[in-house]
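Heavy-atom basis, side chains included; hydrogens, waters and symmetry copies ignored.
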Amino acid sequence: MKSKFTFSLVCAAICCLGLNAQSSDDFKVTNLFEVSDVNYPVSGWAPTFSANTLRGIAVHGNDLYLPVRNSPLGNVVCRLDATTGEFISALDTKGMDGKDVITGGTFVINDIAVSEDGAIYVCNMTSDARSKKWDKTKEEWVAMSGTVPFKIYKYASSEAKPEVFLSFDPVEQESTVNTAKTNAFRMGDSFTFKGTSQSGKFTTGIDNLRERCYEWTITDGVLDKNPLVIVFQNDVPEEGSDEYVALDPKFGGYGRFYFGFEDGTYIERSKDEGSFLRVFKHDATSENFWSHYVLSQGVRLNDTRYSGNSAYPFEFNNRKYLAMVDFEFTLDDLANAQGVIVDVTDWSNPVEVFRSTTMGNLYKNGTTGAAVQINEKGFNVYFLSANGVFGYALESTKGVGVMETGAQPELTITVDPASQKVIFSKFINKVRVYQAQSGIEVRSASGIKEIQLLDKGAYILNIVLEDGRVVNKRVIL
């Protein structure tokens, strides 16, 4: 089998681009809720935010998910109403046989992501995923005690039983076995997901190998357990070489890798890099190297505040945004956290479009996070802090999917109720699909002529044509 160990390249020159003045008039903002230790001591509710037991947050439809470790309820995923913040339930932790499925790890449950079709993925954090260590004298593997594999658990829905989706031991996989001879594998401080439960991919880094991330792919619902190993570098390696030079500066602890806006790009936000954000891009044109070129500029998001380890990328109304949490510096800790949304459609001209009021102090152990649910009028954004979860609804004041002046585009749409497909008369650049009644986004795709919908009903299609024009269409299955 061909090794999946591949190489990537980092920004050779990072431009420090100051953040422009706020333009909040682009959105009408409504405060949805605040969930905190003070106002949310309800029956069945597990977290104590001030105990720093939460690191991840995810949303799908009207369900908001929070994985909570070492709580009075154990290690559980709490499900909240994404509009009101009300507690709904704690997801099951047992299998069909009644035995615990979610077990093992320094943190048994740590981070979370949700696929486009609503599957829920939760990971542990392990200080070393290896089952064996390499004895250099004997030149053989010997058993290790007290270590736990990196695990990802899957829920098909919020009502489903959990299953072990991935149990990763780097000693057992071709792409990582050589690295495992000399390095521990601390994994699961964070992970991110992109795609559906049938066709998707997720990635995580290693705390003690901070120039790398590991990417797994799902094809037709089946996971390839041998990960793609992505090594980030400052300089272009010599053609034909299999050597790489360690990234300088390395990523900070608790770093998070997001899949970027374009295919083959990654957005890195790490705790120790201050207010810098780095973007990586690959061009798979070499037999030996996974990347030859990267974006040559990064963004300095704010000169006076410290950005945390989240930079959640999302698109709305044909523009690109990042949602994150940033702080003030203090001598003892990070203080005065605020949720921020930045328009990075033009990387050379980042614009802050939203900033929340203060979300409190005392941030430890990677406690920051952002999640976004797009709808037909705008989007809801949720910020995780060490003092609670804060939800906001942002509605565009500029209109959504407005056509350019001039002739209407020649685009015909055909609906096939039997296959539940929507078929376009020409290739389109991008489409986002919203439920007509709720306005919740249920699908998105790029570079297609047809799209498969999962359920019958009425939908609004927000379509970006190849020439950049935008049009909305309503369809019924």
I341 vs L394 side-chain heavy atoms within contact, under 4.5 Å
yes
W216 and T204, any side-chain heavy atoms less than 4.5 Å apart
yes
Any chance the side chains of T147 and D128 put a donor and an acceptor closer than 3.5 Å?
no
Do T126 and N124 have a side chain donor and acceptor closer than 3.5 Å?
no
Show the nearest heavy-atom pair for residues P67 and I57, with the distance to one decimal.
CD-N, 4.5 Å
Over all heavy atoms of both residues, which pair between T196 and E116 is shortest? Give the atoms and the distance, please.
CG2-OE1, 3.8 Å
Under the criterion side chain to side chain contact (heavy atoms under 4.5 Å, CB included), which of P170, P227, S175 is the partner of Y214?
P227
Working to the nearest 0.5 angstrom, can you tell me the gap between L32 CG and F390 CZ?
13.0 Å
Which residues pass the salt bridge (charged side-chain N to carboxylate O under 4.0 Å, His left out) test with K225, sequence neighbours left out?
none
Is there a side-chain contact between F314 and V381 in this structure, where contact means two heavy atoms from C-beta onward sitting under 4.5 Å apart?
no
Which distance, rounded to the nearest 0.5 Å, do you find between the CD of E163 and the OH of Y153?
12.0 Å
Just so I know, are the side chains of E172 and S131 near enough to count as touching, which here means a heavy-atom distance under 4.5 Å?
yes
Do you know which two heavy atoms are closest between A371 and V59, and how far apart they sit?
CB-CG1, 3.9 Å
Provide the closest heavy-atom pair for V114 versus A58 in the form atom of the first, atom of the second, distance.
CG2-CB, 3.6 Å
With side chain to side chain contact (heavy atoms under 4.5 Å, CB included) as the criterion, how do T179 and V229 come out once you've worked through the C-alpha distance, each side chain's angles and the decisive distance to 0.1 Å?
CA-CA 10 Å; T179 305; V229 182; 6.0 Å; no
Once you round to the nearest 0.5 Å, how far does OG1 of T203 lie from CZ of F193?
12.0 Å
Distance col, row T192:OG1 vs K201:NZ, nearest 0.5 angstrom, shows 10.0 Å
Which residue is it: F379, F383, F33? I am looking for the one with a side chain to side chain contact (heavy atoms under 4.5 Å, CB included) to Y392.
F383
Rounded distance [0.5 Å steps], CD1 in I267 versus NZ in K320:
10.0 Å
Stepwise side chain to side chain contact (heavy atoms under 4.5 Å, CB included) test for I109 and V76
CA-CA 7 Å; I109 193 170; V76 297; 5.8 Å; no
N110 and R69: CA distance, side-chain angles, deciding distance, side chain to side chain contact (heavy atoms under 4.5 Å, CB included) verdict:
CA-CA 7 Å; N110 195 50; R69 64 178 186 269; 3.5 Å; yes
Could you check if a side-chain atom of I102 sits within less than 4.5 angstrom of a side-chain atom of V122, using non-hydrogen atoms only?
no
Over all atoms of both residues, closest heavy-atom pair of S190 and D111
CA-OD2, 3.2 Å
Close side-chain approach of L91 and Y65, heavy atoms under 4.5 Å:
yes
Show, in sequence, the C-alpha distance, side-chain angles and deciding distance for R130 and N183, and conclude whether the side chain to side chain contact (heavy atoms under 4.5 Å, CB included) test is met.
CA-CA 9 Å; R130 299 178 300 171; N183 291 274; 5.9 Å; no
Residue pair K430 / S446: nearest heavy atoms and the distance that separates them
CE-OG, 3.6 Å
Is the distance between the ring centroids of Y121 and F165 less than 6.0 Å?
yes
I want to check something: taking the side chain as every heavy atom from C-beta on, are V177 and W141 in contact at a cut-off of under 4.5 Å?
yes
For S385 and G388, indicate whether the former's side chain and the latter's backbone hold a donor-acceptor pair under 3.5 Å.
yes
Measure the CZ-OG1 distance between F168 and T176 for me, rounded to the nearest 0.5 Å.
3.5 Å
Residues pairing under salt bridge (Lys or Arg N to Asp or Glu O under 4.0 Å) where one sits in residues 132-159, two or more places apart or in two chains, turn out to be R79-E159
Without swapping roles, check the side chain of D343 against the backbone of T345 for a donor-acceptor pair under 3.5 Å.
yes
Give a yes or no on whether the ring-centroid distance for Y266 and F259 is below 6.0 angstrom.
yes
Do we see a donor-acceptor contact under 3.5 Å between the side chains of S197 and D117?
yes
State, yes or no, whether a side-chain contact exists between R355 and D326 at a heavy-atom distance under 4.5 Å.
yes
